[in-house]
2 protein chains.
Amino acid sequence: MTVDQRDPTPLYQQLATILRAEISSGKIADKLPSESYLQQRHGVSRGTVRRAIEILAAEGLVYTIGARGTFVRQR
Amino acid sequence: MTVDQRDPTPLYQQLATILRAEISSGKIADKLPSESYLQQRHGVSRGTVRRAIEILAAEGLVYTIGARGTFVRQR
DNA sequence: GAGAATTTGTACGTATGTATG
DNA sequence: ACATACATACGTACAAATTCT
């Protein structure tokens with residue numbers, strides 16, 4: 001699953017939705033891929049990746065640590 | 001009051017703090033100046049202005065309408 | 001421990017789209 | 001038609017912290 005450039009929905013929202021699904025399905029279990037990986041994987045800019053992650057962080061789904069990465073909040 | 005480029009605090013945070021103060025003091029009463037005005041006024045980029053406003057919006061202090069502007073939430 | 005590579009954080013600039021006045 | 005203003009998305013550059021070799 002990846003982003004659809006023709007969909008009028010903002011790309012960062014689409015990406016947030018995708019990542020949210022991959023987290024709840026357990027496909028992403030503890031650590032998110034790096035921003036640069038996600039950027040290439042989905043064909044969007046790093047800024048868009050960061051916006052998507054910001055949304056998930058605001059939802060309390062993930063948290064990111066300095067230069068280490070973004071992690072799934074365990075429950 | 002404006003932003004201090006030598007302060008290690010992120011410029012958008014500094015700006016958010018400044019705007020928050022100007023709102024609570026009543027200096028900014030109903031409508032925020034335009035992004036381009038704030039950009040010039042504080043010597044930062046438009047992106048930085050927008051980040052600052054995002055913070056205040058997340059706090060529920062202001063809200064922005066489409067292409068009209070950003071407004072102080074009345075209470 | 002030293003140095004390189006990786007990863008996130010901040011900041012800037014530009015372009016395009018859409019809505020309002 | 002035009003100017004203004006916000007929204008999204010791209011790109012670049014550098015800093016700082018961490019991780020790898």
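Everything numeric here is computed off the predicted structure, so don't read it as measured data. In the text below, chain A, chain B and the rest are named by the order of the sequence lines, each starting its count at 1.
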Quick one: hydrophobic cluster around A:Tyr12, which other residues, with the 4.5 Å side-chain cut-off, linked directly or via members?
-> A:Ile55
Is B:Arg50 close to B:Arg46 at the side-chain level, that is, under 4.5 Å between some pair of heavy atoms?
-> yes
State, yes or no, whether a side-chain contact exists between B:Ile18 and B:His42 at a heavy-atom distance under 4.5 Å.
-> yes
Summarise protein proximity over nucleotides 6-14 of chain C in one line of letters, 5' to 3': B for base, S for sugar-phosphate only, - for none, counting protein heavy atoms closer than 4.0 Å.
-> -BBBBSSS-
Any donor-acceptor pair under 3.5 Å from A:Gln14 side chain to A:Thr9 backbone = yes
At how many degrees, to 10°, do the end axes of the helix from C:dA2-D:dT21 to C:dG21-D:dC2 meet when each uses five pairs?
-> 10°
Those residues that, when tested against A:Tyr37, pass ring-ring contact (aromatic ring centres under 6.0 Å, His included) (two or more places apart) = none
Nearest-Å distance for atom pair CD/C1', residues A:Glu54 and D:dA9 = 14 Å
With sequence neighbours excluded, residues passing side chain to side chain donor-acceptor pair (under 3.5 Å) with B:Ser34 | B:Ser36
Report yes or no: does B:Gln40 contribute a side-chain atom to a donor-acceptor pair with the main-chain N or O of B:Leu38 at less than 3.5 Å?
-> no
Residues clustered with A:Ile65, ILVMFWY side-chain links under 4.5 angstrom | A:Tyr63, A:Phe71
